[in-house]
Amino acid sequence: MSYKMIVLDLDDTLLQDDHTISSRTKQALMDAQVSGIKVVLASGRPTSAMIHIAEELRLKDYGSFILSFNGAKIINCQTGEELFNSTLSPKMVHHLYDVSRNENVWIHTYVGDYIVTEAGNQYTDVEAAITGLEIFEVDSFIESVNEPVVKVLMLEDPEKLALVEKKLQKQFTGELSVMRSKPFFLEFTEEGVTKGTSLNHLIGKVGISREEVIAIGDSYNDLAMIEFAGLGVAMGNAPDDIKDKADYVTDTNMNDGVAKVVEKFVLGMPVVV
């Protein structure tokens with residue numbers, strides 16, 4: 001199969017644990033772009049926390065795209081144009097706040113380039129470290145969110161959050177997309193908005209078939225695009241139930257898993273362990 005697009009999750013997939021791209025992976029992706037392959041970044045991160053990675057990979061020069069906020073936004077890197085934008089209403093965000101209080105979990109969202117929360121917590125600190133965004137602690141979450149936002153996160157110990165996830169997926173069926181991006185991050189976007197549906201929208205704009213797409217990820221918010229793509233790839237560090245649903249399992253993010261997929265399926269290079 002001749003592939004025309006590679007779609008990459010960032011954290012624990014493209015990026016190593018120190019949030020950098022290995023030299024081997026970067027070289028493979030640059031070689032792929034030179035050969036005409038579109039390299040697309042797809043992350044739960046806000047757009048502003050993805051731009052520096054897009055710049056490092058020169059996506060603007062190669063006319064590629066960013067899917068941010070779990071696919072709630074699609075950005076053309078060359079023009080800066082938003083090709084797709086999905087939001088949650090203030091009413092829904094306020095409702096989610098009430099739910100978070102009932103479930104006794106933390107909650108935050110994004111207003112401008114700030115992470116907004118009522119109380120500092122270790123999980124929001126992790127998000128700030130990943131994204132580089134500043135945390136803005138407010139007296140009233142509800143009063144501070146008075147316009148649509150792209151997504152909301154609930155945060156807590158992974159064991160507890162897994163139970164909350166199952167409960168809220170049932171509660172919000174038909175209203176919201178509810179999925180975990182990390183064991184301690186539970187994300188809420190508009191119903192039907194996933195990395196998979198966003199990717200489907202993008203390839204329609206670009207004129208590429210799903211069979212011509214490779215999608216690589218490691219977590220539950222990557223599953224929709226892994227199942228959608230012609231070649232869905234799970235990282236070696238992904239949970240077993242993600243690996244079970246992938247077409248192919250590569251190495252870990254710390255052992256050039258992305259590079260090995262690109263070298264094998266795009267560049268046609270001999271497999272080097």
Quiz question: by atom type and distance under 3.5 Å, do the side chains of Asn121 and Thr124 form a donor-acceptor pair?
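Judged by distance alone, the side chains do pair up.
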Carefully, step by step, assess Phe185 and Leu161 under the rule side chain to side chain contact (heavy atoms under 4.5 Å, CB included).
CA-CA 8 Å; Phe185 288 169; Leu161 202 61; 5.6 Å; no
Specify the closest pair of heavy atoms between [X] and [Y], including all atoms of both residues, with the distance to one decimal.
X: Gln16; Y: Met254; result: CB-SD, 3.7 Å
X: Leu199; Y: Val213; result: CD2-CG1, 4.0 Å
X: Met179; Y: Glu165; result: CA-OE2, 3.9 Å
X: Ser144; Y: Val116; result: CB-CG1, 4.3 Å
X: Ser48; Y: Leu133; result: OG-CD2, 3.5 Å
X: Val39; Y: Leu59; result: O-CD2, 3.5 Å

Can you tell if the side chain of [X] reaches within under 4.5 Å of the side chain of [Y], non-hydrogen atoms only?
X: Leu57; Y: Tyr62; answer: no
X: Ile226; Y: Lys245; answer: no
X: Asp11; Y: His19; answer: yes
X: Asn70; Y: Val193; answer: no
X: Ile66; Y: Ile51; answer: yes
X: Glu147; Y: Thr87; answer: no
X: Ile37; Y: Ile214; answer: no
X: Leu67; Y: Leu41; answer: no

Treating [X] as the side-chain partner and [Y] as the backbone partner, does any N or O pair qualify as donor plus acceptor under 3.5 Å?
X: Glu118; Y: Phe141; answer: yes
X: Asp256; Y: Ala259; answer: no
X: Ser86; Y: Ala72; answer: no
X: Ser219; Y: Asp222; answer: no
X: Ser177; Y: Gly192; answer: yes
X: Thr117; Y: Ile107; answer: yes
X: Lys182; Y: Glu127; answer: no
X: Gln169; Y: Val178; answer: yes
X: Lys195; Y: Ala224; answer: no
X: Asn237; Y: Asn253; answer: yes

Roughly how far, to the nearest 0.5 Å, is [atom2] of [Y] from [atom1] of [X]?
X: Ser43; Y: Leu15; atom1: OG; atom2: CG; value: 8.5 Å
X: Glu191; Y: Phe172; atom1: CD; atom2: CZ; value: 11.5 Å
X: Thr197; Y: Leu202; atom1: OG1; atom2: CG; value: 11.5 Å
X: Asn221; Y: Thr194; atom1: CG; atom2: OG1; value: 9.5 Å
X: Arg210; Y: Leu231; atom1: CZ; atom2: CG; value: 12.5 Å
X: Ser100; Y: His108; atom1: OG; atom2: NE2; value: 12.0 Å

Cluster link [X] to [Y], ILVMFWY, side chain under 4.5 Å:
X: Val150; Y: Ile142; result: no
X: Ile74; Y: Met225; result: yes
X: Val93; Y: Tyr110; result: no
X: Leu223; Y: Val40; result: no
X: Ile208; Y: Leu83; result: yes

Give the C-alpha distance, both sets of side-chain angles, the deciding distance and a yes or no for side chain to side chain contact (heavy atoms under 4.5 Å, CB included) between Leu153 and Tyr123.
CA-CA 10 Å; Leu153 271 73; Tyr123 306 109; over 6 Å; no
Within a radius of less than 6.0 Å around [atom1] of [X], do more than 12 heavy atoms belonging to other residues, nucleotides or ligands occur?
X: Lys160; atom1: NZ; result: yes
X: Asp139; atom1: CG; result: no
X: Lys4; atom1: NZ; result: no
X: Asp113; atom1: CG; result: no

Indicate the ring-plane relationship of Tyr248 and Phe265, choosing parallel, tilted or perpendicular according to the 30° and 60° boundaries.
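The rings of Tyr248 and Phe265 stand perpendicular, inter-plane angle above 60°.
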Salt bridge Glu55-Lys60, side-chain N to carboxylate O under 4.0 Å:
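No.
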Testing Phe228, Phe65, Phe84 one by one against His201 for a ring pair (Phe, Tyr, Trp, His ring centres under 6.0 Å), which residue passes?
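It is Phe84; the other options fail the test.
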Could you go through the side chain to side chain contact (heavy atoms under 4.5 Å, CB included) check for Met92 and Glu190 one step at a time?
CA-CA 10 Å; Met92 176 56 77; Glu190 189 177 12; over 6 Å; no
Run the side chain to side chain contact (heavy atoms under 4.5 Å, CB included) test on Thr13 and Val258 for me, step by step, so that the C-alpha distance in whole Å, both residues' side-chain angles and the decisive distance to 0.1 Å come before the verdict.
CA-CA 7 Å; Thr13 298; Val258 168; 4.0 Å; yes
